[in-house]
Amino acid sequence: MDIKRAKQILSSSADIDVTFQGVSVWIDQLHEDEKMATVHLRGPLEERTQVAVKDLVEENE
């Protein structure tokens, strides 16, 4: 995914399915200067981690 699309998803009110390494995640925050995003798993565990935006996949692509 590119940073522009990640920004659109983050600001959207729609529920857009994004995955990281095959696991569904929510984008919490973008760090544009580093091209990184803070994400957490969908579901009961809300452990947050930073990942490269390029490694995020929009599932309806």
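We number each residue from 1, following the sequence as shown. Every value quoted in this text rests on a predicted model; they were computed, and no experiment measured them.
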Next on the checklist: Under the criterion side-chain contact (heavy atoms from CB on, under 4.5 Å), I'd like the reasoning laid out for T19 against L56: C-alpha separation, chi angles, the key distance, then a yes or no.
Outcome noted: CA-CA 6 Å; T19 62; L56 297 174; over 6 Å; no

Next on the checklist: Working to the nearest 0.5 angstrom, can you tell me the gap between H40 NE2 and T49 OG1?
Outcome noted: 12.5 Å

Item to check | Contact check, side chains of R5 and I16, non-hydrogen atoms, under 4.5 Å | outcome: yes

Item to check | Pairwise side-chain contact, K54 with K35, heavy-atom cut-off 4.5 Å (strictly under) | outcome: no

Checklist entry - Is the number of heavy atoms from other residues, nucleotides or ligands under 6.0 Å of E34 CD greater than 12? => result yes

Item to check | Verdict with reasoning, V18 to S24, per side-chain contact (heavy atoms from CB on, under 4.5 Å) | outcome: CA-CA 6 Å; V18 174; S24 188; over 6 Å; no

Checklist outcome for this item: Closest non-hydrogen atoms of I27 and A37, given as atom of the first, atom of the second and distance, are CG2-CB, 4.4 Å

Checklist entry - Is the shortest heavy-atom distance from the side chain of V25 to the side chain of R42 under 4.5 Å? => result no

Checklist entry - Taking C-beta and beyond as the side chain, do M36 and V53 meet within less than 4.5 Å on heavy atoms? => result no

Item to check | Candidate pair Q21 and D55, rule side-chain contact (heavy atoms from CB on, under 4.5 Å), full reasoning | outcome: CA-CA 8 Å; Q21 296 181 344; D55 294 333; over 6 Å; no

Next on the checklist: Would you say that V57 contacts F20 through its side chain, given a criterion of any heavy-atom pair below 4.5 Å between the two side chains?
Outcome noted: no

Next on the checklist: Using 0.5 Å steps for rounding, measure from the CD atom of E32 to the NZ atom of K4.
Outcome noted: 12.5 Å

Item to check | Heavy-atom pair of closest approach, residues D15 and W26 | outcome: OD1-CH2, 3.4 Å

Next on the checklist: For L41 and V23: C-alpha separation, side-chain torsions, deciding distance, then whether side-chain contact (heavy atoms from CB on, under 4.5 Å) applies.
Outcome noted: CA-CA 7 Å; L41 299 175; V23 178; 3.2 Å; yes

Checklist entry - Can you tell if the side chain of D28 reaches within under 4.5 Å of the side chain of R48, non-hydrogen atoms only? => result yes

Next on the checklist: Check D2 with K7, please: is the shortest side-chain N to carboxylate O separation under 4.0 Å?
Outcome noted: no

